[in-house]
Structures are given as structure tokens and as C-alpha cells.
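Take a look at the structure below.
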There are 2 protein chains.
Amino acid sequence: MKRSVIIVAGGSGQRMGAQMPKQFLLLAGMPVLMHAIRQFHCFDPGMPLVVALPPAHISTWTQLCAEHRFTIPHTVTAGGGTRFDSVKKALHALPGTDWIAVHDGVRPLVSPALIARCFETALKHGAAVPVIPLSNSLRMLEAGGNHSVLRENYCIVQTPQIFRARWLKNAYRAPCCPSFTDDASVVEAAGYKIALAEGSRENIKITEPVDLKIAELLVPGFCS
Amino acid sequence: MKRSVIIVAGGSGQRMGAQMPKQFLLLAGMPVLMHAIRQFHCFDPGMPLVVALPPAHISTWTQLCAEHRFTIPHTVTAGGGTRFDSVKKALHALPGTDWIAVHDGVRPLVSPALIARCFETALKHGAAVPVIPLSNSLRMLEAGGNHSVLRENYCIVQTPQIFRARWLKNAYRAPCCPSFTDDASVVEAAGYKIALAEGSRENIKITEPVDLKIAELLVPGFCS
């Protein structure tokens, strides 16, 4: 059983108000993306790691790896214009694998235990995503108004999202579509069912400057 | 135009793994609930403040107020068994008011600017809640499975939720119902429309121990 991971780091970081894309910002002295890579390497040091980066950021990344003496082996692929295109292109860098995890490069705090849970669920069901419950009320927006919905009927989706390689590759043959908000939605549109694994509140996504501060607070020791 | 606020602090804090209910835990040296009260007092020092507390916690609160020399005037009401009952009982403590804000006692970082925005929107439309966009994908749970939904069609609801007093009182005449997840859902069920104001990511709800750490990071100076 061969498993691989695609770490998607395609953002330009506009929302962060920083010049550096958010995946390159320092968290506990190391770029956010390196944390994400390291966690997968800790989970399974033999697992092929593909990092999808915007072409314009590849040289910066190479420099950062040298500066931080980052030696975890990984393949860099040039991302496309959208997340969908980036994953599609990265899939070509993974010809012989049975299971593919897709992870957000801006989720540096994913734990090896969470990755293990997602793989276990995926192995049973073919596709799995980590989810957490909503801790706030939810409203649905609609033309001309909005209405309350039961938050118990929804869950928040994180990454890594893990799929049988054949399912994921089949699914990514479709043209991109606005309803593709993550990889699970692409795979689901191809007719496959998605199983749910237990996510973690600590597995946050670095979206705004405050998230980086929160991550500093939560960042664990190596391989924890 | 008379405005009042009900601050609901009914939780027993079971999820926090602490003996103290979460509204009493210290944030920057002061119980969480005092922060919430202080922010409303900063917004409008003349506004009547009603704090709904579980009967079993009232003596602890009195002690905490003495210890922390907390002198912001407020009325304490004994909460009911559910949030719905607590608000319903607190409404009796506010006979002559035009507008009522209902706020979670475990949202200590609400800013006076956010309170002002919600009052402005409520004054225009009769009922307003602060909302923020979802930064993660969302799935809907259903019998036998789950499916992806477009997160752009949803928003996360915070407090204070502000209502024309007559609307809120009318709405709370209904019997409690499982779909009442917040005050807006109660008011909506009575046939009124809810307008949306811009919330704030900093206006977090203290639900788990990690939230208190995050709040420590975000806690602003007095009246900021």
C-alpha cells in the first residue's frame, strides 16, 4: 500500500496584509509550509511529498529551504491559476501510488495522529476528510435574506483529505466548477462517497494575521 | 430611545474541564464575564445591564465582584434550565426599554465598535446579528451520509444580537423548540426578519481551554 501527499501552497497571501505569501511566514522561527511538510514526514518518513507552489514563488522557496537548512525530501510542482489546477498538475507527479492525501500548506499544526486517523478512515471507505463541529450558530444566505439553520446538521471540513488514488485522479478529469471548494467536493461530484474522520480544533488554517498569532500559541514540539 | 442588554452566562463549563464555569475563568486577571460587561459599559455607561446567571452561581459571582472590586452597576437574574429560559426570565427584568441586545457572557472580546454596528443595523431593520464568513469548507450531515455545501451561502453568527424590545418579547412568548439555537432563531420563528451586521473574528466564544489562551492573546486594553 503506497501513500503520498500533495501539499497545496498556492496562495499569494493578499488577505494577510504581508508581502510574503502566508505559507512562507515564520511560525516559531520556521516558514508555515515547512511545519506542514514536517508533520507528514513525522507521520511517515518514507511517504513521497509533493509541494504545489505558484511558479513565481519557487525560487523564494528554494532560498528559504537553504536558509533554514530544510532537508526533508520533497518534490516541488508549479501550481496552476486555481487550487483545482494546482492539484491536477501535482497529480502528474504521483504516478504510482494507492492513496493520496491533499493538505493545505497553510495548516501547519496538523498532527501525525490526525493524519493517521484520516488514513485509517480512508482505507476503510475510499475517501475521508477530517471534520469538527461548529461552535457558533449558522445562518444560510439567500436572495433577499437569510435564515437560521441547525448547526448540528453541519460540520467544518479541514485537511488532509485522503482518497484512493484512482478516485482522486478520475475525479480531477472533470472541468473545474464553482462548487469545487475542496478536494472532497471534486471527488464527490464524480460520484464517490466521502467518509468523515475526527478533525482537531488545533488544525487551524492560517488566513489572517491573527491566525499566525494563534498558531504561535498552539505550535507543538517536533513530531508531537 | 432606551437600549438595554441581557448578558447570558448560564453555562456550567463542563467542556472546559475546569471546576469554575467558563464565564468565571480569569482572562488577563479578570473573570471572562466581567470583560463582557465592561465592554457594554464602555459602549454606553448609561445602558441597563442584566446578567442572567445559574442560581447556583450567583453567590460565587457576588464574591468575585467583591474580590475584583467590580463596580459596574448591573442587575443579576437567576437563569433557567436552558438558554431560552434564561433569556425569557431576564426579559422580565427589563420592563421599559425599546431595544434589547442579548450577548453571550463567554464572548469577552466584543468591542464597543461592534456593539455600535449591531445597534445601527438593528435600528434600521428591527433585528440584527453580527456575522463573519466561514474560513473553512462546510459539509451538511444527513441520514446515511453527508455532502459538500457552498460555504459562500452561509455565515457564522455571533452576539450581541439586537432586537426591537417588542419583537423579542413577542417571540419569547412561544414555547421553546430545538431549532432555537440563538435569539435570532427565536425572533425569526415569530415571523420577523433578521438583518446582518459585520461581526469580528476577534469576538470569539470561550468554549474550550484553548479559546481562553487565544483570548489572552487578543484581549485589548480597556474600552479599545
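All values derive from a computational prediction rather than experimental measurement. Throughout, protein chains are lettered first and strands after them, A, B, ... in sequence-line order, and every chain is numbered starting at 1.
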Exercise for review: Counting only heavy atoms closer than 4.5 Å, note whether B:Ile156 contacts chain A via side chain, backbone, both or neither.
Suggested key: both
Practice item. Heavy-atom distances under 4.5 Å only: say whether A:Ile214 touches chain B with side chain, backbone, both or neither. Key: both
Practice item. For each of A:Ser137, A:Ala184, A:Ser185, tally heavy-atom pairs with chain B at distances under 4.5 Å, and name the one with the top tally. Key: A:Ser137
Exercise for review: State, with a plain yes or no, whether a side-chain heavy atom of B:Val157 is found less than 4.5 Å away from one of B:Asp182.
Suggested key: yes
Review point. Which answer fits B:Lys213, side chain, backbone, both or neither, if we ask what part of it has an atom under 4.5 Å from a heavy atom of chain A?
Key: both
Exercise for review: Name the member of B:Ser179, B:Gly145, B:Cys155 that forms the most heavy-atom pairs with chain A at distances under 4.5 Å.
Suggested key: B:Cys155
Revision key, fill the gap. Of the listed B:Leu196, B:Leu150, B:Val131, the one with the largest count of heavy-atom pairs under 4.5 Å with chain A is B:Leu196
Check your understanding: Are the side chain of A:Gln23 and the backbone of A:Val106 linked by a donor-acceptor contact shorter than 3.5 Å?
Key -> no
Review point. Parallel, tilted or perpendicular for B:Trp61 and B:Phe24, by the 30°/60° rule?
Key: parallel
Review point. Relative to chain A, which segment of B:Glu142 carries a heavy atom at a distance below 4.5 Å: side chain, backbone, both, or neither?
Key: neither
Exercise for review: Find the one option among B:Leu134, B:Leu138, B:Val129 whose heavy-atom pairs under 4.5 Å with chain A are most numerous.
Suggested key: B:Leu138
Check your understanding: What part of A:Glu202 lies closer than 4.5 angstrom to a heavy atom of chain B: side chain, backbone, both or neither?
Key -> side chain
